[in-house]
Trainee: 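Okay, handing you the structure first.
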Amino acid sequence: SARYVRGFVMGLQESNPNAEYMLSWTGSFSDTVGAGDIGTTAAALFGIWMKLHSFGFMPVFGMNNGTISIFSYNFGAGKIDRVRKTLKLSLIVGFIVSTAVMVLYEFIPATLLNFFDASPYMIEIGIPAVRICCITIPIGSISVIISTSFQSLGRPHYSLFINLCRLVIFLLPFAWL
């Protein structure tokens, strides 16, 4: 992954030799942010948001770990009705839990930002940012559950497509608002 970050920096320097940049690495290649014009506070805020986003998804990821074996076992046994019931139940529970996380993030964004020792300016720009970005959590939980079901049923291409859509179509545009 460090090779890709170096390539990103070299590409940025080639396109504009005078560009100032800072990279924030939050754990995966899709979370790398080049922050030339948006400033270090906004880049740090995006890093904080990615931490909050990951924390908000923990219950859904935990549930998915349990449903993978249920999906796979029942699909292999030919019990498609149980696969459908598991998918329906996991979508309902995942949506309810992630909506509760979204509501929590809507009501206490300043408190959440203060966990990361946010400056007054970061809190000023961070409160609306967290409130806008948290809208993606329930939508993201649905896409995570559906992509997990495709992965469990031997359809990894559909799973990859759904995860890319979640990151590129939903998460990144909300991060730039």
Side-chain angles (χ1 to χ4, degrees), residues 1-5 7-8 11 23-35 38 42-43 45-107 109 112 126 128-177:
S1 59
R3 177 177 50 175
Y4 296 113
V5 172
F8 177 79
L23 290 177
S24 172
W25 182 261
T26 60
S28 71
F29 181 68
S30 62
D31 298 342
T32 303
V33 177
I38 59 174
L45 178 63
F46 186 74
I48 290 171
W49 167 249
M50 290 308 298
K51 302 282 189 246
L52 292 172
H53 187 262
S54 297
F55 183 75
F57 270 96
M58 275 187 200
V60 175
F61 288 139
M63 183 181 63
N64 274 344
N65 286 337
T67 59
I68 287 173
S69 58
I70 297 171
F71 283 134
S72 298
Y73 175 78
N74 288 303
F75 182 70
K79 298 178 180 180
I80 303 303
D81 60 322
R82 293 183 82 183
V83 172
R84 287 189 185 119
K85 286 179 187 176
T86 303
L87 178 61
K88 183 179 177 182
L89 184 61
S90 63
L91 284 171
I92 291 169
V93 171
F95 186 77
I96 290 170
V97 169
S98 61
T99 301
V101 169
M102 180 191 75
V103 169
L104 179 71
Y105 285 11
E106 284 284 340
F107 284 117
L112 295 170
V130 168
R131 287 185 172 152
I132 290 169
C133 289
C134 75
I135 295 168
T136 64
I137 293 176
I139 297 166
S141 72
I142 291 170
S143 72
V144 166
I145 293 166
I146 291 174
S147 74
T148 300
S149 68
F150 280 130
Q151 184 179 355
S152 302
L153 303 175
R155 306 276 191 247
H157 294 91
Y158 295 136
S159 178
L160 176 66
F161 177 73
I162 289 172
N163 279 322
L164 285 175
C165 286
R166 178 176 63 94
L167 291 172
V168 175
I169 294 173
F170 293 115
L171 183 61
L172 288 180
F174 277 89
W176 288 107
L177 288 180

Trainee: Can you measure from CZ (Phe107) to CE (Met102) and round to the nearest 0.5 angstrom?
Mentor: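 With rounding to 0.5 Å, CZ (Phe107) is 9.5 Å from CE (Met102).
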
Trainee: Check for a donor-acceptor pair, side chain of Ser72 on one end and backbone N or O of Ser152 on the other, with a separation under 3.5 Å.
Mentor: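 Yes, Ser72 side chain to Ser152 backbone: donor-acceptor pair under 3.5 Å.
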
Trainee: About how many Å separate CG of Leu87 and OG1 of Thr148, when rounded to the nearest 0.5 Å?
Mentor: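 So the gap between those two atoms works out to 10.0 Å.
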
Trainee: Is it the case that over 12 heavy atoms from other parts of the model lie below 6.0 angstrom from the CZ atom of Arg84?
Mentor: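 Result for CZ/Arg84: open.
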
Trainee: Give me the atom names and distance for the closest heavy-atom approach of Val60 to Ser141.
Mentor: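 Looks like CG2-CB, 3.8 Å.
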
Trainee: Could you tell me if the side chain of Ile135 sits less than 4.5 Å from the side chain of Glu106, heavy atoms only?
Mentor: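 Contact flag for Glu106/Ile135 side chains = yes.
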
Trainee: Say you draw a straight line from OG1 of Thr86 to CD1 of Ile145; how long is it, rounded to the nearest 0.5 Å?
Mentor: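 Going from the OG1 atom of Thr86 to the CD1 atom of Ile145 covers 12.0 Å.
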
Trainee: Should the pair Tyr105 and Trp49 be assigned to parallel (<30°), tilted (30 to 60°) or perpendicular (>60°) ring geometry?
Mentor: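 Tyr105 vs Trp49 ring planes: perpendicular.
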
Trainee: So, taking the atom named OG1 in Thr67 and the one named CG in Asn74, what distance separates them when rounded to the nearest 0.5 Å?
Mentor: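 One finds 11.5 Å between OG1 of Thr67 and CG of Asn74.
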
Trainee: Not counting sequence neighbours, list each pair that qualifies as a ring-ring contact (aromatic ring centres under 6.0 Å, His included) and has a residue in residues 60-96.
Mentor: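 Residue pairs passing ring-ring contact (aromatic ring centres under 6.0 Å, His included), neighbours aside: Phe57-Phe61.
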
Trainee: Within the 4.5 Å heavy-atom criterion, are Leu91 and Ile146 side-chain neighbours or not?
Mentor: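 Touching, per the 4.5 Å side-chain cut-off.
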
Trainee: Under 3.5 Å, side chain of Ser159 to main-chain N/O of Ser147, donor-acceptor pair present?
Mentor: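 Checked: pair present.
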
Trainee: Is there side-chain contact between Leu89 and Lys85, with at least one heavy-atom pair below 4.5 Å?
Mentor: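 No, every pair of side-chain atoms sits at 4.5 Å or beyond.
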
